[in-house]
Visitor: 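Here it is, the structure in full.
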Amino acid sequence: MPNGVCTMNSNFSQLIKDGRYIGMSLDGVDGDTVWQLYVFMQRLRLLENAIAALYSEQQMRCPVHFCDGQEAISAGLALAIRDSDHLFSHHRTHGFYLAKCREFKPLIDEIYGRISGASGGVAGSQDISYCEMNFHGGAILAGSIGIAAGVARAMQIKNIPALAFAGFGDGAVDEGVFWETVNYAALQKLPLVLVCENNGYSAFSPQNKRQAVMDISAKVRAFGMQAHSFFGNDAVESHRVISQAVGAVRRGEGPVFLEGHTFRWSGHVGPEGDDQYQYRSMQELAFWKDNCPIKLLEEKMLEEGLVKQQAIDDLVRQIGQELDQAFAEAKQSPFPEPVDWHAMNYATQTPKADELLAEEKSSGFDQNQDLAIPGPY
Amino acid sequence: MPNGVCTMNSNFSQLIKDGRYIGMSLDGVDGDTVWQLYVFMQRLRLLENAIAALYSEQQMRCPVHFCDGQEAISAGLALAIRDSDHLFSHHRTHGFYLAKCREFKPLIDEIYGRISGASGGVAGSQDISYCEMNFHGGAILAGSIGIAAGVARAMQIKNIPALAFAGFGDGAVDEGVFWETVNYAALQKLPLVLVCENNGYSAFSPQNKRQAVMDISAKVRAFGMQAHSFFGNDAVESHRVISQAVGAVRRGEGPVFLEGHTFRWSGHVGPEGDDQYQYRSMQELAFWKDNCPIKLLEEKMLEEGLVKQQAIDDLVRQIGQELDQAFAEAKQSPFPEPVDWHAMNYATQTPKADELLAEEKSSGFDQNQDLAIPGPY
Amino acid sequence: MRELAYNQAINEALHQAMGLDEDVMVVGQLVDYRSGIFGTTTGLLEEYGSERVQDFPVAESLMTQAAIGEAQMGMRPVLTHQRLDFMIYSMDAVANWMSLWRFKSNGKQSLPITIMGVVGRGWGQGPQHSKSFHGWFSHLPGIKVAMPATPFDAKGMMMESVFGEDPVIFVAHRSLFSMREHVPEMPYRVRFGEAMLRRPGKDVSIVALGIMVPLAMQAAELLAGEGIEAEVLDLRSASPLDKEAILATAQRTKRLVVADPAWQTAGVAAEVISLVSEHMGADLAANPARLCLPDSHTPMSQTLEEQYYPTEQDLADLCKKML
Amino acid sequence: MRELAYNQAINEALHQAMGLDEDVMVVGQLVDYRSGIFGTTTGLLEEYGSERVQDFPVAESLMTQAAIGEAQMGMRPVLTHQRLDFMIYSMDAVANWMSLWRFKSNGKQSLPITIMGVVGRGWGQGPQHSKSFHGWFSHLPGIKVAMPATPFDAKGMMMESVFGEDPVIFVAHRSLFSMREHVPEMPYRVRFGEAMLRRPGKDVSIVALGIMVPLAMQAAELLAGEGIEAEVLDLRSASPLDKEAILATAQRTKRLVVADPAWQTAGVAAEVISLVSEHMGADLAANPARLCLPDSHTPMSQTLEEQYYPTEQDLADLCKKML
Ligand SMILES: Cc1ncc(C[n+]2csc(CCOP(=O)(O)OP(=O)(O)O)c2C)c(N)n1
Ligand SMILES: Cc1ncc(C[n+]2csc(CCOP(=O)(O)OP(=O)(O)O)c2C)c(N)n1
Ligand SMILES: [Mg+2]
Ligand SMILES: [Mg+2]
C-alpha cells in the first residue's frame, strides 16, 4: 500500500498486493446479485459524471458533493434496504439517495431547483429529501444520525417491522452527538443501522489529524454496539457484510455500525477538483483509482464469465440514454411558483387538535397570589 | 455486595466481603500522607454537615449539592494537585473546591452570597469560581471539561509546567462533548487529568439506565486515553492511583481519565434528602454508609497505630471551631453593592487594543461593486 | 369550581393527552420518577409505561434529534428540561433540523414536538439556571413559542402544543408552578397567537408575557389605587404574536408598555414595540416603553437578585411616567 | 491607494495580529490549508506554525469550550466556521459559558475570543448553509457582535475583536468577500458601537447592517435619481448598538427604515425601531419600517432565492412609501 494511504486501518493490508486489492471473491453470491451491484454502481457513476459534465452550464445552482469511487458501499446498501425502511443521508447524498429511491428523476429535478424535484426545489443536492420514499438528506454533519435513532425508537415502540439507516462519513464521527447516538442505540437495542463511508477525509482534513484512534469500529464496540468494517471498494464484500448485518438487526439483535473504507476521487465539493490544495497525495488517489469499485467488479465478472462485455456496453448505453432524457426533462421542468412563506414554515391546519380538543373560556385569573421562589432545585 | 449496587463495575467485587471493603492497605504511603488524607476528609465532611445544619435558616439562598460519602476522591486529588494547576468542577463543587482552594471562608461566604465570597456572591455553590486559585465551577454538565482541555492546550502551547484538571460525575459522561474532549485530549496528548466521581447516579437516574456499557474507563481507553478506575471510598487507594497517574501526566505522557466508584449519601440537591422518591435502595445506601471513606481510613489508622483517638477528637473539635468562626463571619460579611450591570458583563478597558492599534479613518466605500454569489461551496 | 396549580394543570394535560392518543410520549431526564419534573409528569409512568414515559441520558442534543425522528413516525413527543438552559445543548437539533424540517420537506412532513423548558428564578439560581431564551425562539421560523402565565393556559397550551402540527417550545416559569385557578376538566385548547385581555383599562396598555403577567396585574392594581386604568394584555404565545390584539390595545389606550421577562435588547419586547410603531407609531400619545431584565446574566446573591428582577412597582412607575 | 478585497482584509488582520502578539491563535476546520476559509486564513500556517494555526476535528462544541480555556490562559483565539450554521452546535459553550464567564468570575477574568461565522447566500445554499444568527447574539449579554460591511471595517473590526477583552461573534457575509476598497496597511481598530454614516441625506434614514449596507447604498442611489436624499447609517456592530448615532440620524430625517439581513421577527431591526420609538417616536414624521428577510428558512431553487432576498429596489420603494 502506498505511503499516505491513511484512510485504511491495517486490518486490510493483507488484502492488498502490489497496490491491487486481491480480496474479491464471488463465493456464495449469485450472478443476479452481482449484476445488480454492478448496475447500481454504473448508474451512480454515470449519473455523477453527467452532473459533473453539465454543472458548468450553471443551471444546477446548488453545492454538489460527488461520491465517485465510493459506489460499492451504497451498492451493498441498495440490496439490503427495503421501501419501508428509512434512510438518512449526510451532504454527500447521491449514493444514499439512489440506494433508497432508485429513480434518477426526482434527484436531478431537485438539483435543477424544479418543482418536480424530490423536495420541490427547496433543498437541492445536499439537503434533498424524498419523503414518499422515506429518504432524508441534510448538510449539517451528524445531526441526522440522531434523527435516524429516533425513527428506530418509534419503530420499536410501535412494533413496526422496519429499520432506520443513517449514512455518513468519518467526519461525522468527530461530533459528540454521534457518540450520544451510539450509546443510546446500544442501550435501547434500536433497530438502527449506521453506515459509515470512511473515505479518510473530512473535506481536506485526514482522519488521523482529527481522531486519536483510527479504528472507528473498535470505539463503537466499546460502547456496546456491534460493528464491522470492510474494504469499501469491494461491492460484493460490501453486500455480504451489509446484508448479513442488516439481517441480524431485522431479527432484533440490536443496532449495528458498518464501516466501509473507501476514497472519493472528486474534490470535496463541486466538479472542479481541489487537488491544487495538495491535501492528499496523488499516489494515494492513484491507488484508489486503480482499485475502482466498478473496475474491480467488472474484471471479476468477466474473469468468471458471469457476463459478456457486450452486456456491459449495452448497460452503459442504456443508462446514458436514461440520463440524457432525465436531464432534458429536468431542464424543461417548471420552477417553483411564488410561495407563501408562512405556509412553507408552519402548518395551516390542526386536524388532530380539532378532533380532540374543546374550546373553553378562562374564568379569569386571580392575581392575588404570590409567585413561588424555587428552593434548592 | 447487595443487590442494586449498580454503581460499581465488577472489577471491585473481590475487594468486598460480607458487605465490607477489605482492600485497604497503607503500603508504601507514609503516616503523614495518611493523616493529610484523613484531615481533608474530615474538613470536607464537617463543612458539609455544617452547611446542611444551617441551611434551614434560609440564609444560604442557592442550590447546594453535597458530596458526603464521596470525600476520598477529592482527598486523593488534594494531595496531587498544585497551585499552578487549574481545576474545573461540576455543580457538586465542595470537594473539588477544597482540594484546590483549601480555605473554607471564600466558599462559605460565597454560599451566603456575600461580597467576600470567592466569586463576590454572584455565583453561589454550584457556579463558584476562585480565579486567584485557578478554580472554576459551573452547573451545566460536561461543559467545563472541554474548557479544561483548552487550558491544557494553552499550557502545552506556552510550555507552562502545570496541568488542567476537570472533576465531574458519571452523568457528564452521557454528553457528547465529553467524548469530543476525550478524543481531542488523546489526539493532542494534552496535560489533562479527568477525574470522574462515579456515584452511580445522575440525580435519580442510575448509570445502567443511561449507558449501555458501565465501564467508562474501557470506553475512554478505546479512544486512546489512559484510564484507571478504583474503589472510590478508599482514600489511600485514591491517593495512590491519582498521584501516580498525575505524575505520569506531569512527565508528558499524555492525558488520563480517573474514575472513583463511590456514592453520595445526601439527596441529589439540598439537605432535605430525596429518598422518598425511592430511586435507590436503602440496602445500597447502607452498604456505602458502612463503607464510609472516613470510617474506613480511621479504623485502619487506629488499627495500625498510626494515630490515637485523642488526636482525632482534637482534630474534629478544631475543625468545628474553625467552621463556627467562618460561618459567624460569613453572616456578618456585607452583601454586594448595587452593581453596574454593563460593567459586570463587559470589559470597560481595552489595554491591549490601545497599545497595539492605531486609529484610522475609512476613505469611504465604493458601492458600485457587485456582491459575490458563492459557488458550490 | 375545581382549582389546579400550574404544575398540576400541565400534569393533567399530559395525562389526558397520553390517554387520548397513544402516539403521545413524554421524554426527559427524570420524567419517570415520582418527583416528576416539579410535578408536571408525576404518575405518567404508572399509567402509560416506560416506553412512552422515558428517562433519557444526559444527552440533550440527541434527545431532540431523536424526537424529530419519532415525530416523523407519527409520534407526538413531549420533551422536558428541568432548566431551559440545558436545552441549549440541543440548539443544533432545534435550529438546524427541527425548525426547518417542514420547510425542507416542501411541506410534506410536520413535526408535532413539544419541548418544555423550565425557567428558574430566585433562590440563587445563578447564571446557568435562569435564562429564558424565548426571544431566540420567537426569532426562529418554523417553531411556535408558548408562554402560559396561568394554570388554565398552561393546560390549554400544552394540549394545543401536543395536538398541533408544529414544533413548540413551551416556556414554563418555575415561579408560576404554585399559582392556582379554575381549570376545566375536559381536554381543551388555547390557540397560539390569541392573546388574552386580562384586564381592561383606558389609560395605558401593558402587554405582558409569561411571568410578567401576574406582575402586570399587580401593577395595574397599584395604578388603579391612583386612579389610573391600565389595560393588561397577556400575549400567551411569544410566537406567533397576536398582532391584531397588540395593535387594538395600543389603539385603545395610545400608551404602550411591554413587560417581557428576558434581556431587553433584541427580544420579544422590541418586536412588540416595532410592530406597534410600524403600524401606528404616529397615533401614540407617548413614546412606548419596555420593562425587561437588565442586559446582564443573573446574579446569585439575594441582594443582587432583588435588583435584577423588576417589581410591580417598577412597572407601575414606568406606566405613570407615560401619562 | 492600496485596495484589498474583504477576505484579504481579514487575512491581513489575522497576519498582523499573529505577528503582533504570540498569544493570538487561529483555530477551525481547514484553517491550515491553502484555500484558507475563503482566503481569510491563507498563509498563516506557513508563518506561524501548526500550534497557533490549528485544524480542528468536526467538534464545534468542544472547539469553543477549548477556546474558553485557552483564553483564560492569556491566549486570544480566533475561531472560524465555514458556515455560521455549524456554530450552532457550540451554543452551549457560547451561551452557557463564554458569554457569562466574565460575569461569573465577578469581573476577574475576561475571554478575548473571536468567533468568525461565514453566512452563505445564493447558489442554492439552502436552509442549512445560510442562516445568520446575529439577532440571537445581540440578545445575549456578555458578547459583542461585529458585522463589518466593507474591507476597511473587516480588518479594523477583526483587529479590535482580537485585541479587545470581550468575546466577539464576527459575522462575515460570504457575498461581501470580493468587495474591494482602500485598506490601510498599519494595524488599526474599528471600535464596537461606533456606527458610520456612509451617506448623508435629509429625507429618510436607512439604518443598515452587514450585507444590507451595500444594498442601502444602492437604494440611496436609486432614490437620489428621484430627488430623494437618503441617509445611510452602517451600524457595523450589532452589539453594542450605537444608540446615539441611531437617534441622531432619526432626529435628522424623522424617517427611519432599518435594513437587516435576518428574519424580521424579534431581531436587531426590531431593537433599532424600539430604541428610536422609545426615545423619540413622537418626533417621527412617518411610522418606521423594516426591510428584512421573510420569517422563513432559505429555499435552494434560484427562483425562490430571488423572492427570498430583498433588493435595493424593494428598499427604495419602502423609503418612498414613507415620504
Ligand atoms: C456541523 C458541521 N460542521 C462542518 C461542516 C462542513 N463540512 C461539510 S462536509 C464536511 C466534511 C465531512 O466529512 P465526512 O463526514 O467524512 O464526509 P465526506 O465529505 O468525506 O463524505 C465538513 C466538515 C458541516 N457540514 N457540518
Ligand atoms: C446539560 C445539563 N443537563 C442536565 C442538568 C441537570 N443536572 C444537574 S446535576 C445532574 C446529575 C449529574 O449527575 P453526575 O454527573 O453523575 O454528577 P453527580 O450529581 O452524581 O455528582 C443533572 C442531570 C445539568 N446541570 N446540565
Ligand atoms: Mg470523509
Ligand atoms: Mg453521578
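Sequence lines set the chain letters: A, B, ... in the order given, protein chains first and strands last, and positions in each chain run from 1.
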Visitor: Run the side-chain contact (heavy atoms from CB on, under 4.5 Å) check on B/V182 and B/L194 step by step: do they pass?
Guide: CA-CA 9 Å; B/V182 169; B/L194 303 181; 4.2 Å; yes
Visitor: Taking only residues two or more places apart in sequence or in another chain, which ones pass ring pair (Phe, Tyr, Trp, His ring centres under 6.0 Å) with B/F104?
Guide: none
Visitor: Answer with side chain, backbone, both or neither: which region of B/V177 has an atom nearer than 4.5 Å to a non-hydrogen atom of chain C?
Guide: side chain
Visitor: Answer whether the closest heavy-atom distance between the side chains of C/F86 and C/M63 falls below 4.5 Å.
Guide: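 Of all side-chain heavy-atom pairs linking C/M63 with C/F86, none is under 4.5 Å.
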Visitor: Which bit of B/A172 is near chain C, if near means a heavy-atom gap under 4.5 Å: side chain, backbone, both or neither?
Guide: neither
Visitor: Residues in side chain to side chain contact (heavy atoms under 4.5 Å, CB included) with B/A227, at least two apart?
Guide: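 Only B/S217, B/V220, B/R221, B/F257 meet the side chain to side chain contact (heavy atoms under 4.5 Å, CB included) criterion with B/A227.
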Visitor: Using non-hydrogen atoms only, which part of C/L304 is less than 4.5 Å away from chain B: side chain, backbone, both, or neither?
Guide: both
Visitor: Name the region of B/A139, side chain, backbone, both or neither, that has any atom closer than 4.5 Å to a heavy atom of chain C.
Guide: both
Visitor: Can you tell me which portion of B/I111 sits under 4.5 Å from chain C's heavy atoms? Options are side chain, backbone, both or neither.
Guide: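 When you check distances to chain C, only backbone atoms of B/I111 fall under 4.5 Å.
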Visitor: Hey, can you dump all donor-acceptor pairs under 3.5 Å between chain B and chain C, distances included?
Guide:
{"residue": "B/Y55", "atom": "OH", "partner": "C/W123", "partner atom": "NE1", "Å": "2.8"}
{"residue": "B/R61", "atom": "O", "partner": "C/G124", "partner atom": "N", "Å": "3.2"}
{"residue": "B/R61", "atom": "NE", "partner": "C/Q302", "partner atom": "OE1", "Å": "3.3"}
{"residue": "B/G113", "atom": "O", "partner": "C/S301", "partner atom": "OG", "Å": "2.5"}
{"residue": "B/G121", "atom": "O", "partner": "C/S301", "partner atom": "N", "Å": "2.9"}
{"residue": "B/V122", "atom": "O", "partner": "C/M300", "partner atom": "N", "Å": "2.9"}
{"residue": "B/Q126", "atom": "NE2", "partner": "C/Q125", "partner atom": "O", "Å": "3.2"}
{"residue": "B/A139", "atom": "N", "partner": "C/Q128", "partner atom": "OE1", "Å": "2.5"}
{"residue": "B/I140", "atom": "N", "partner": "C/Q128", "partner atom": "OE1", "Å": "3.2"}
{"residue": "B/L141", "atom": "O", "partner": "C/Y89", "partner atom": "OH", "Å": "2.7"}
{"residue": "B/G143", "atom": "N", "partner": "C/Y89", "partner atom": "OH", "Å": "3.2"}
{"residue": "B/D174", "atom": "OD2", "partner": "C/V58", "partner atom": "N", "Å": "2.8"}
{"residue": "B/E175", "atom": "N", "partner": "C/V58", "partner atom": "O", "Å": "3.4"}
{"residue": "B/F204", "atom": "O", "partner": "C/Y33", "partner atom": "OH", "Å": "3.2"}
{"residue": "B/S205", "atom": "OG", "partner": "C/D55", "partner atom": "OD2", "Å": "2.5"}
{"residue": "B/K209", "atom": "NZ", "partner": "C/D32", "partner atom": "OD1", "Å": "3.3"}
{"residue": "B/K209", "atom": "NZ", "partner": "C/D32", "partner atom": "OD2", "Å": "2.9"}
{"residue": "B/K209", "atom": "NZ", "partner": "C/Y33", "partner atom": "OH", "Å": "2.8"}
{"residue": "B/K209", "atom": "NZ", "partner": "C/D55", "partner atom": "OD2", "Å": "2.8"}
{"residue": "B/Q278", "atom": "OE1", "partner": "C/R34", "partner atom": "NH2", "Å": "3.0"}
{"residue": "B/V339", "atom": "N", "partner": "C/Q307", "partner atom": "OE1", "Å": "3.2"}
{"residue": "B/N345", "atom": "OD1", "partner": "C/H297", "partner atom": "N", "Å": "3.2"}
{"residue": "B/N345", "atom": "ND2", "partner": "C/S296", "partner atom": "OG", "Å": "2.7"}

Visitor: Give the intermediate values and the outcome of side-chain contact (heavy atoms from CB on, under 4.5 Å) for residues C/V268 and C/M147.
Guide: CA-CA 12 Å; C/V268 176; C/M147 290 189 72; over 6 Å; no
Visitor: Counting C-beta onward and ignoring hydrogens, is there a side-chain heavy-atom pair between C/L84 and C/F133 closer than 4.5 Å?
Guide: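 Yes. Closest side-chain heavy atoms under 4.5 Å.
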Visitor: Can you tell if the side chain of B/M344 reaches within under 4.5 Å of the side chain of B/V122, non-hydrogen atoms only?
Guide: yes
Visitor: Count the heavy-atom pairs under 4.5 Å between each of C/G124, C/P127, C/G126, C/A59 and chain B, then report the option with the highest count.
Guide: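 So the answer, after comparing C/G124, C/P127, C/G126, C/A59, is C/G124.
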Visitor: Taking ring pair (Phe, Tyr, Trp, His ring centres under 6.0 Å) as the definition, give me every residue that meets it alongside B/F135, ordered by chain and number, with sequence neighbours left out.
Guide: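 So B/F135 forms a ring pair (Phe, Tyr, Trp, His ring centres under 6.0 Å) with B/Y97.
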Visitor: Enter the distance from C/I88:CD1 to B/I140:CD1 here, rounded to the nearest 0.5 Å.
Guide: 8.5 Å
